[in-house]
Amino acid sequence: MYNFKKIEKKWQDYWDNNESFKAITGSEKKPYYILVEFPYPSGSGLHVGHVRSYTAQDALARMKRREGYNVLYPMGWDAFGAPAEQYAIKNHIHPKDAVKENIKTFKGQMKKLGFSFDWSREFSTTDPEYYKWTQWQFLQFYKHGMAYKATVPVNWCPNCKTVLSNEDAAGGVCERCGTSVIQKEKSQWMLKMSAYAEDLLKGLDDTNFKERVKLGQINWIGKSTGVELDVNIVGGGKFSIFTTCIETVYGITFFVIAPDGKLIKELMPRVENKDEVNAYIEETSKKSSMDRTELNKGKTGVEVKGIKAINPINGKEVPIFLGDFVLGDYGTGAVMAVPSHDQRDFEYAKEHNLEMLEVISGGDTTAKAFEKNEYLGKGCKLINSEEFTGMTVEEAKEAITNKLEKEGIARRVNNYKMRDWIFSRQRFWGEPIPMIYCEKCGWVPMEEKDLPLLLPDVAEYEPTDTGESPLAKIESFVNTTCPKCGCPAKRETDTMPNWAGSSWYFLRFMDPHNEKEFASMDAMKYWNRVDWYNGGMEHTARHLLYARFWVQMLYNFDLVPKKEMIWTRVSHGMVLGDNNEKMSKSKGNVINPDDIVNDYGADTLRVYEMFMGDYEQDAPWNTDSLKGCKRFIDRVIRLKEKVTDSEEYSKDLEVIINKSIKKVSYDLTHMAYNTAVSTLMILVNAYDEKETITKADYRVLLDLLNPIAPHITEELNESLGYSPICDRKWPTYDEEKTIDNEIDIAVQVNGKVRDTIRIKKDSSKEELEELALSSDIIQKWITGKEIVKIITVPNRIVNIVIR
RNA sequence: GCCUGAGUGGCGGAAUAGGUAGACGCACAGGACUUAAAAUCCUGCGAGAUUUAACCCUCGUGUCGGUUCAAGUCCGACCUCAGGCACCA
């Protein structure tokens, strides 16, 4: 039992006092920027899941430094947001104080784990010195027309009288009181993210994100290519629809328009069944945010009577319906319905007894629609489509589009699922939006010199019962003068979403104390980009997309040097409870890292979390396995008794040492931490079998283990009389010496392994075959059989094919 | 429904380019040391058949097919689990 408490404290102090991990902007060394998602400092403290990713990136950072890089491995706090506000309301303390407390806890925990963060760069998104720049950047967005106000529906709990996030309104009921959530129109700040859809797609080519991360982004953006088509209304007027299947245009038997769209409002004067239509619109508005699978089993809707539309391709008159499966804010808010070839249209037609018309042959449309994923690329031909009848779907797609385009009633367009970013929150604990409303001048941005716009220091931060932000109640905050005309005016009282501060924090780490800019161009040019960004899978879609959007805007305003500032993005698996379920207090399966550090030491916890499994996969906690890692460290310590004075590798360990250096170096840079640990265990097993090992043998083991278990390795290294590992070069290996002189080769007969032979490496085919055939066991198998052929792969295998 | 990831011993998981499946660790069992326990060390440990024993043999990486001298790995179809998105025309 070694005194890990004393040793770990000693080295943590040493690193602190020597500023061992300080990153110097502008250093001659090559920069390398390693980033882990900064945590939300919750009241429950650091999670063992944090320890997993921070240790992994820490190991990479420690190794990269020793390879001669100027490593930036920073840490900070993402501390705005609802949980801190909620916690503060519950415990009657100011969120600011709660956050301060929590940060202290988190930081203390991180220090005890020995992470090599450059603490001199620490900041919190809630620091006025930081959010000043978040606000400043918002002003730039506004000035470039990227921020605007719009009326959008929000989730509203009529009982709690509060606005709810989508998460808090899951299932259509308020998470706190269980009341049904309704939709309420509210004027909100928006960022024009949809304008960047194409750029955000293209930008992925300039990143090294994991393929699944890229796919997540592509999916979220949701591009679809199709045709926008103008449709005339009988008796005047027209509207447009969007379709990706223009080849089915002859199959239109009706149109469906969105109950929440603009079109129905325009048509209203001509509607004959206004009451029915209005009732349906009303009904939809109530359920639009509710759990759709529950409420929208069938395809509800009503006919818009008195108005008919004309199919532009053949002049056929068809009815128009209202249906809530058509969304007001996607495409044009209206669709052409081809029940034979679209499942939703099919269901709607069945529900409302509408006509169906098949226009693509080769399918059966009695029970369900014959859809594009079934007919595309199969050579299916059009029917019932005038001059296009007989063409393949692919030919018809082009031909029909061309014809309609020539007539000037259709355009090729792209649509994106990604909407503009709703940027307002009716909360206290967020960055105030630096906008002022003046009766005369309208919305006026604050003067940049007046930033930061501070959150007022008050005792009241509970939400108002009108759905306004708590800030709305604070008159000293609200009342101001217009920066333009000087008249009395009111401040915006909404705050920014939690995502705001985390959309650019990685830039601030490059130059965290800059008072003149959010980060200097020089500093950003020096650090170049985030080389390696690690975070949770749950953030690879939204957070990463927001951050990229934010950076792309800054780039377009000449405020950052690159359009994509993040190069590699990886994500880690969760640490689950020992019952294989997500850790949660209610399940009673939470492991507190403090307890583990106390009982086993930080090094053991670090080794265990690296060893527990595939880094990108979830892994359950297992205390027995943790004990095994403690045993491993104890064995490393005990090896010291065998160390001789020699400064050279033992001859018979040379190969395994070189192999280990190669493997560990590779693994630590390829997220294969678990096999890095197992490699070191194998090395220790080899050392254990010997009576004595040399000082050099031992030293290289400590070198390789150091990134994962930094404290004990420094201590043992010091006891050998060496200077600290953190200041010395990463060991190198000799490729020549990574392969044994003699290797075992499997000999197969008809693909089944029957024997192994020991032979010098790089032996020729002939030598291999000769030795293989001379084996008694092999002879037993092949005697009396005809040898068809022998396949020999040097250094790998011999396979004798017999008949 | 769609997208993504994953299915390998009792468990966590290995297997750079298709080439000895189960590395490494845990758990378990037996043994050594000890008055005893802990710690430590040694041995065994996918299933089955056979055998005094050893070797050897058969089967085995979610299922079913295929390609290949050779498949956990490649191809096709499917099943299960986890995560994300969900009426996006």
Side-chain angles (χ1 to χ4, degrees), chain A residues 1 210-213 215-216 218-220 222-224 226-227 241-245 248 256 258 292-293 296 299 323-327 329-338 342-345 347-348 372-373 415-419 536-538 540-542 571 573-574 576 578 580 582 607-608 611-614 616-629 631-632 634-635 638 662-663 666-667 670 672 674-682 684-685 688 744-756 777 780 788-793 795-802:
Chain A
M1 189 62 160
K210 281 248 156 184
E211 209 48 42
R212 64 170 166 157
V213 174
L215 280 167
I218 290 168
N219 236 295
W220 190 274
K223 177 176 180 173
S224 56
V227 173
I241 58 101
F242 172 71
T243 180
T244 55
C245 306
T248 63
V256 186
R292 298 195 148 159
T293 49
N296 295 8
K299 288 280 180 288
D324 66 4
F325 76 90
V326 178
L327 307 173
D329 61 347
Y330 178 80
T332 61
V335 299
M336 63 181 212
V338 184
D342 182 284
Q343 187 58 26
R344 286 159 310 182
D345 300 347
E347 285 165 24
Y348 196 92
K372 62 177 167 194
N373 56 354
N415 264 310
Y416 304 89
K417 285 193 209 175
M418 189 176 72
R419 315 290 153 96
M537 199 58 211
E538 70 276 18
T540 52
R542 294 183 75 181
S571 52
M574 276 186 295
L576 303 172
D578 57 6
N580 239 308
K582 214 166 162 173
V607 170
Y608 169 61
F611 186 60
M612 72 194 319
D614 182 342
E616 292 185 274
Q617 230 55 59
D618 292 352
W621 181 268
N622 183 322
T623 303
D624 280 328
S625 199
L626 170 90
K627 286 178 189 161
C629 293
R631 219 171 287 161
F632 166 65
D634 287 338
R635 287 177 70 199
R638 244 177 285 126
K662 182 180 178 180
K663 176 86 175 133
Y666 181 89
D667 284 354
H670 291 80
N674 54 339
T675 48
V677 175
S678 79
T679 301
L680 293 169
M681 286 174 169
I682 293 167
V684 166
N685 287 346
D688 244 350
D744 288 318
I745 302 280
V747 182
Q748 300 181 331
V749 176
N750 281 355
K752 286 193 164 43
V753 178
R754 297 302 180 189
D755 197 11
T756 58
I777 298 167
K780 212 174 77 190
V788 180
K789 60 175 161 177
I790 302 179
I791 290 134
T792 307
V793 184
N795 290 336
R796 285 222 180 251
I797 207 151
V798 178
N799 188 11
I800 301 163
V801 186
I802 57 169

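So you know, we letter chains A, B, ... as the sequences are listed, proteins then strands, and number each from 1.
A/A258 and A/V326 make their closest contact through CB-O, 3.3 Å (heavy atoms, listed as atom of the first residue, atom of the second, distance). The two residues A/S571 and A/G536 make their nearest non-hydrogen contact at CB-C, 4.0 Å. Closest approach of A/G331 and A/F242 over heavy atoms only: CA-CB, 4.4 Å. Minimum interatomic distance between A/M612 and A/P620 (heavy atoms only, all atoms of both residues): CE-O, 3.8 Å.
Rounding to whole angstrom units, CH2 of residue A/W220 and C1' of B/rA86 are separated by 11 Å. When rounded to the nearest whole Å, the span between CZ of A/F632 and C1' of B/rG13 equals 17 Å. A/K663 places its NZ atom 8 Å from the C1' atom of B/rU16, with the value rounded to the nearest Å. Here B/rA70 presents its C1' atom at 14 Å from CD1 of A/I802, a figure rounded to the nearest Å. Taking atom CD1 on A/I777 and atom C1' on B/rC57, their separation rounds to 12 Å, with Å as the unit. Between A/R754 atom CZ and B/rC56 atom P the separation is 11 Å, expressed in whole Å.
For B/rG22, the base adopts the anti conformation, since its glycosidic angle falls more than 90 degrees from zero. For B/rA47, the base adopts the anti conformation, since its glycosidic angle falls more than 90 degrees from zero.
Listed nucleotides: B/rA89, B/rG19, B/rG25. Nearest to the side chain of A/R796: B/rG19. Comparing B/rA14, B/rG25, B/rG5 by their closest approach to the side chain of A/T675 singles out B/rA14. Comparing B/rG19, B/rA14, B/rC26 against the side chain of A/N674 picks out B/rA14 as the nearest. Side chain of A/D614, nearest nucleotide from B/rA89, B/rU4, B/rA14: B/rA14. Taking every side-chain heavy atom of A/K780 into account, B/rC56 is the closest of B/rC85, B/rC56, B/rC24. Here B/rA23 is the nucleotide among B/rA27, B/rC69, B/rA23 with the atom lying nearest to any side-chain atom of A/I682. Distances were taken from every side-chain heavy atom of A/Q617 (C-beta onward) to each of B/rA82, B/rG5, B/rC69; the shortest belongs to B/rG5. Proximity note for A/N622 (side chain, C-beta onward) versus B/rG25, B/rC26, B/rC87: the nearest is B/rC26. Here the nucleotide nearest the side chain of A/R212, chosen from B/rA14, B/rG12, B/rG5, is B/rG5. Among the nucleotides B/rA21, B/rA70, B/rC3, the one closest to the side chain of A/N799 is B/rA70.
With A/D618 contributing its side chain and A/M574 its backbone, the two residues share a donor-acceptor pair below 3.5 Å. The closest donor-acceptor contact from the side chain of A/T675 to the backbone of A/A672 lies under 3.5 Å.
Residues A/N580 and A/Q748 each lie close to RNA chain B; by heavy-atom proximity, the contact nearer the 5' end of the strand is made by A/N580. Comparing A/G751 and A/K627 against RNA chain B, the residue whose closest nucleotide sits nearer the 5' end is A/K627.
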Pair assignment for RNA chain B - dot-bracket with | for other-strand partners, Watson-Crick or G-U under 3.5 Å: (((((((..(((......[....))).(((((.......))))).(((........)))..(((((..]....))))))))))))....
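Ring geometry for A/Y608 against A/W621 counts as perpendicular: the plane angle is over 60°, on a 0 to 90° scale with 30° as the lower cut.
B/rC28 sits 11 Å from B/rA39 when the P atoms are compared, rounded to a whole Å. When the P atom is compared between B/rG19 and B/rC55, the two are found 27 Å apart, to the nearest whole Å. Of the P atoms belonging to B/rC74 and B/rA89, the separation is 32 Å, rounded to the nearest Å. With both ends at atom C1', the span from B/rG1 to B/rA14 equals 36 Å, rounded to whole Å. If you take atom P in B/rA71 and the same atom in B/rG66, they sit 12 Å apart, rounded to whole Å. Taking atom C1' in both B/rC59 and B/rG76, the straight-line distance is 25 Å, to the nearest Å. The separation of B/rG31 from B/rA49, taken at their P atoms, amounts to 25 Å, rounded to a whole angstrom. Look at the C1' atom in both B/rU34 and B/rA82: the space between them is 49 Å, to the nearest Å.
For the residue pair A/T679/A/Y666, the side-chain donor-acceptor check at 3.5 Å is not satisfied.
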Show, in sequence, the C-alpha distance, side-chain angles and deciding distance for A/D744 and A/T756, and conclude whether the side-chain hydrogen bond (donor to acceptor under 3.5 Å, both in side chains) test is met. CA-CA 6 Å; A/D744 288 318; A/T756 58; 5.1 Å; no
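Phosphate contact (OP1/OP2 of B/rG25, side-chain N/O of A/N685, threshold under 4.0 Å): present. Of the side-chain N and O atoms in A/Y666, none sit less than 4.0 angstrom from OP1 or OP2 of B/rU16.
In this structure, A/M537 reaches neither bases nor backbone, as no heavy-atom distance under 4.0 Å exists between it and the strands shown. The residue A/D618 sits close only to the backbone: its heavy atoms come under 4.0 Å of sugar-phosphate atoms, none of a base.
Figure legend: cation-pi geometry between A/K299 and A/F325, with NZ or CZ positioned under 6.0 Å from the six-membered ring centre and within 45° of its axis.
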